[in-house]
Engineer: 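Quick one: the structure is below, and I'll ask about it shortly.
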Amino acid sequence: MKTIIAEDLHKSYNKGSVKALDGLNLDVEEGTVLGVLGPNGAGKTTTVRVLATLLMPDSGRATVAGIDVLKNPDEVRKIIGLSGQYAAVDETLTGWDNLIMFGRLYHLSAKQAKERAVELLEQFSLTDSAKRPIRTYSGGMRRRLDLAASLIVKPKVLFLDEPTTGLDPRGRQDMWGVINELVKGGVTLLLTTQYLEEADHLADEIAVIDHGRVIARGTSDTLKKQVGGERLEIVVENQHMAATREIVAKVSGGAINVDEGLRQISAPVTTGSKALIEAAKLLDEKGIHPLDIGLKRPSLDDVFLSLTGHVAEEKKDEDLASTGKKRGR
Amino acid sequence: MNAISDALIITKRQLLQLARVPELILFSIIQPIMFVLLFRYVFGGSIDTGQPGGYVQLLMPGIFVQTVAFTLAGTAVGLTADMQKGLISRFRSLPISRSAVVFGRTLGDGALNVVVLLAMGITGYVVGWRPTSGLLSVTLGFVFLLVFGFAMSWIGVLIGLSVREERVATNATFIAVFPLTFLSNAFAPTTGMPRPLQYIAEWNPVSTMVAGCRELFGLKNEFGATAGSFPSDNPLLMSVIYMILIMAVFIPLSVRKYNRVSK
Ligand SMILES: Nc1ncnc2c1ncn2[C@@H]1O[C@H](COP(=O)(O)OP(=O)(O)OP(=O)(O)O)[C@@H](O)[C@H]1O
Ligand SMILES: [Mg+2]
């Protein structure tokens with residue numbers, strides 16, 4: 001069963017001059033994770049806001065667990081959890097206060113709310129800072145508390161908008177662990193990210209979006225295949241570059257790429273490990289010992305680049321640098 | 001039923017904020033107290049009212065009304081801040097009543113007014129304010145002020161949800177309320193104003209509130225109203241009508257706005 005369906009969503013701003021969503025279609029199978037991958041301004045947040053009942057699209061249809069999002073938002077709100085792109089918790093209050101408040105707003109009794117708060121604080125390693133105002137939390141702690149708040153009633157469907165943006169590598173690992181646990185628990189998850197590695201790691205399926213529409217979708221393997229097959233890559237000492245090039249020409253037959261700086265020679269191959277063994281044998285016969293030799297599948301970065309025509313990485317740094325800032329809109 | 005309990009959770013959140021950051025209360029109180037003292041001692045000496053007890057008897061209702069009218073500002077700024085922090089979006093994604101967040105906010109701001117009015121009343125007493133009408137009427141006067149503050153707060157909801165920046169909210173509310181409180185009988189007689197302004201001042205809800213409170217606190221309202229105009233003859237009735245009108249217009253508008261606000 002498809003738990004999330006979006007059909008032909010359109011949303012424009014500034015009298016149509018900015019098309020945030022331009023015929024967006026996607027669906028998520030029950031109990032699976034869809035990673036929505038896209039550069040800045042692609043429409044990720046807009047998509048999440050529509051599905052989470054916060055924004056009315058100009059046209060289109062969306063259902064969550066069979067419930068019409070546009071006609072029946074109140075019912076949808078009962079089964080979803082949302083953690084937006086920026087942590088949205090009350091900064092003046094403590095972590096504990098926030099969880100109790102949200103618990104009560106989910107109509108838990110005072111006792112239930114307390115029990116759940118204790119559990120969640122424990123699960124997200126926030127027990128020690130529970131009585132401190134959020135103001136004093138680090139970015140990663142805020143993010144975790146925000147996620148905790150969206151899990152109070154164990155939602156059936158969870159939306160996470162860039163859950164790890166601004167976290168350090170350790171924080172990201174932790175967050176991935178938490179998300180994996182949730183998925184094991186059977187939640188259907190739609191997650192947006194700019195980190196290709198993250199989509200690779202967490203998502204069953206990936207939808208690449210740009211300019212408000214899905215431009216490719218599939219598992220990370222199919223997407224990678226779409227961009228091209230495997231490449232043979234060999235790194236050698238400078239004096240062996242020419243000879244190695246000849247060997248690669250023999251096993252590949254495709255266009256050869258020589259990177260002088262990296263001392264790397266690479267070319268597409270169709271026979272996989274056979275080509276690799278062949279190349280290794282030929283190198284050995286010539287007495288060349290490669291510094292590195294291997295088959296590389298295209299990374300999601302390559303996928304991203306070839307599909308969107310821009311590099312995803314650029315934005316990452318910019319975004320990390322600005323996470324500390326308050327946003328003003 | 002959920003609508004009320006949901007709203008009360010939001011109100012509780014606000015009170016908890018005050019408990020966590022007591023400076024918030026302190027500064028809500030200091031400004032009105034400062035006003036009482038400034039007006040009492042800066043203008044008090046030079047304005048001859050002919051009332052027993054002097055200017056402070058007329059002044060206190062004026063400052064009370066001005067202060068509760070400014071509830072609007074606190075409400076607006078608070079909501080704009082919540083919106084900027086993404087909290088409004090988060091609340092909107094929860095399965096709670098569609099009016100809970102804005103009702104909770106106005107109730108919370110109303111609750112803060114209780115503390116503020118109490119502090120002002122005590123300060124007033126210290127500097128010579130002596131209402132003469134008896135406990136019941138005085139209490140009624142304060143209830144009157146609280147309801148007026150609550151009504152004004154709803155205008156603040158609409159402003160707060162319509163602007164995108166806290167600073168804009170601050171300025172917009174200042175522009176909305178300041179002329180209202182000065183184009184009135186709150187601090188000086190309206191009879192000294194040019195004729196067209198006098199009409200505005202007489203029909204101004206702040207004036208009818210001030211006149212109404214003066215009555216409830218035991219003063220005859222002789223402070224500048226042109227005798228014979230409907231609002232100055234029936235200030236209490238007129239104030240009740242204004243409060244109902246404000247709420248009837250702004251509660252539905254605000255709740256609607258809350259459910260449509262997109263960022
Ligand atoms: N309220 C708004 N008014 C005007 N334009 C908007 C508004 N909200 C979004 N947009 C525009 O819609 C487009 C999609 O925005 P969206 O926030 O969905 O992108 P995103 O994929 O989440 O980007 P990011 O990675 O930066 O978070 C952008 O061009 C953005 O400028
Ligand atoms: Mg976004």
Side-chain angles (χ1 to χ4, degrees), chain A residues 11 13 20 45-46 48-57 73-94 96-98 100-110 113 131-135 142 146 149-150 152-153 155 159 161 326-329, chain B residues 1-25 77-101 103-105 108 161-169 256 258-263:
Chain A
K11 176 78 193 178
Y13 289 105
T45 299
T46 310
V48 167
R49 290 179 63 86
V50 168
L51 292 172
T53 77
L54 296 177
L55 190 66
M56 267 287 183
D74 289 337
E75 291 305 308
V76 172
R77 285 173 195 160
K78 289 182 186 159
I79 55 164
I80 61 167
L82 165 69
S83 174
Q85 185 166 357
Y86 306 91
V89 283
D90 189 326
E91 307 243 317
T92 317
L93 301 184
T94 65
W96 175 261
D97 294 339
N98 268 284
I100 298 293
M101 170 180 73
F102 285 114
R104 300 288 281 149
L105 287 173
Y106 277 111
H107 304 130
L108 299 184
S109 71
K131 301 282 170 172
R132 266 168 42 195
I134 303 290
R135 211 174 337 101
R142 266 172 226 230
D146 191 81
S150 65
I152 287 174
V153 290
F159 298 100
D161 195 1
K326 272 231 183 96
R327 98 217 92 106
R329 336 183 194 199
Chain B
M1 242 18 242
N2 268 347
I4 298 171
S5 60
D6 289 346
L8 289 178
I9 295 164
I10 301 290
T11 306
K12 191 174 159 202
R13 161 200 170 211
Q14 239 175 303
L15 300 183
L16 212 55
Q17 286 181 337
L18 299 180
R20 297 280 179 246
V21 188
E23 301 96 284
L24 287 173
I25 300 189
V77 174
L79 275 173
T80 310
D82 281 356
M83 206 158 54
Q84 278 190 306
K85 287 180 192 134
L87 264 172
I88 297 291
S89 280
R90 164 146 249 153
F91 286 138
R92 283 181 59 228
S93 78
L94 300 178
I96 55 176
S97 143
R98 284 155 177 256
S99 59
V101 172
F103 254 104
R105 162 68 59 176
L161 292 177
S162 303
V163 304
R164 271 174 268 192
E165 281 259 358
E166 275 175 68
R167 273 170 299 174
V168 180
R256 206 174 96 118
Y258 169 79
N259 284 294
R260 295 189 172 191
V261 69
S262 66
K263 274 266 173 176

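When reading the values below, keep in mind they use all heavy atoms of this one structure, side chains included, and skip hydrogens, waters and symmetry mates. So that the names make sense, note that chain A is the first sequence line, chain B the second, and so on, each numbered from 1.
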Engineer: Shortest non-hydrogen contact from Ala52(A) to Ser93(B)?
Structural biologist: O-CB, 4.3 Å
Engineer: Checking Asp90(A) now: which residues fulfil salt bridge (Lys or Arg N to Asp or Glu O under 4.0 Å) with it, not counting sequence neighbours?
Structural biologist: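 Scan of Asp90(A) (salt bridge (Lys or Arg N to Asp or Glu O under 4.0 Å), adjacent residues dropped) gives Arg13(B).
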Engineer: Just how far is it from atom CG of Leu55(A) to atom OG of Ser89(B), taken to the nearest 0.5 Å?
Structural biologist: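 Between Leu55(A) CG and Ser89(B) OG, I get 9.0 Å after rounding to 0.5 Å.
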Engineer: Does Arg90(B) reach the main-chain N or O of Leu82(A) with its side chain, forming a donor-acceptor pair under 3.5 Å?
Structural biologist: yes
Engineer: Go through the steps to decide whether Thr53(A) and Arg92(B) satisfy the test side-chain contact (heavy atoms from CB on, under 4.5 Å), and finish with yes or no.
Structural biologist: CA-CA 8 Å; Thr53(A) 77; Arg92(B) 283 181 59 228; over 6 Å; no
Engineer: If we check side-chain contact (heavy atoms from CB on, under 4.5 Å) with Leu94(B), which of these qualifies: Val153(A), Leu105(A), Ile80(A)?
Structural biologist: Leu105(A)
Engineer: Checking heavy atoms, do the side chain of Phe102(A), its backbone, both or neither come under 4.5 Å from chain B?
Structural biologist: side chain
Engineer: Out of Ile10(B), Asp82(B), Leu24(B), Ile96(B), which one racks up the most heavy-atom pairs below 4.5 Å with chain A?
Structural biologist: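 The candidate making the most pairs under 4.5 Å is Ile96(B).
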Engineer: Which atom names give the shortest non-hydrogen contact between Ala88(A) and Gly86(B), and what distance separates them?
Structural biologist: CB-O, 3.4 Å
Engineer: Surrounding CZ of Arg132(A) (heavy atoms of other residues, nucleotides or ligands, distance under 6.0 Å), is the total greater than 12?
Structural biologist: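 Check passes, neighbour count above 12.
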Engineer: Check whether Asn98(A) gets within reach of chain B through its side chain, its backbone, both or neither, counting any heavy atom under 4.5 Å.
Structural biologist: neither
Engineer: Just by distance, do the side chain of Arg20(B) and the backbone of Thr92(A) share a donor-acceptor pair under 3.5 Å?
Structural biologist: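 No, the answer is negative, given that no donor and acceptor are paired below the 3.5 Å cut-off.
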Engineer: Which one, Leu16(B), Val21(B), Asn259(B), leads in non-hydrogen pairs under 4.5 Å with chain A?
Structural biologist: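 Top option by heavy-atom pairs under 4.5 Å: Leu16(B).
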Engineer: So, the side chain of Arg98(B) versus the backbone of Asp74(A): is there a donor-acceptor pair under 3.5 Å, distance only?
Structural biologist: no
Engineer: How would you list, by chain and number, every residue that makes a salt bridge (Lys or Arg N to Asp or Glu O under 4.0 Å) with Arg142(A), sequence neighbours excluded?
Structural biologist: Glu91(A)
Engineer: Who among Val89(A), Ile79(A), Val76(A), Thr94(A) has the most heavy-atom pairs with chain B under 4.5 Å?
Structural biologist: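 Top option by heavy-atom pairs under 4.5 Å: Val89(A).
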Engineer: Which atom names give the shortest non-hydrogen contact between His107(A) and Pro95(B), and what distance separates them?
Structural biologist: CE1-O, 3.2 Å
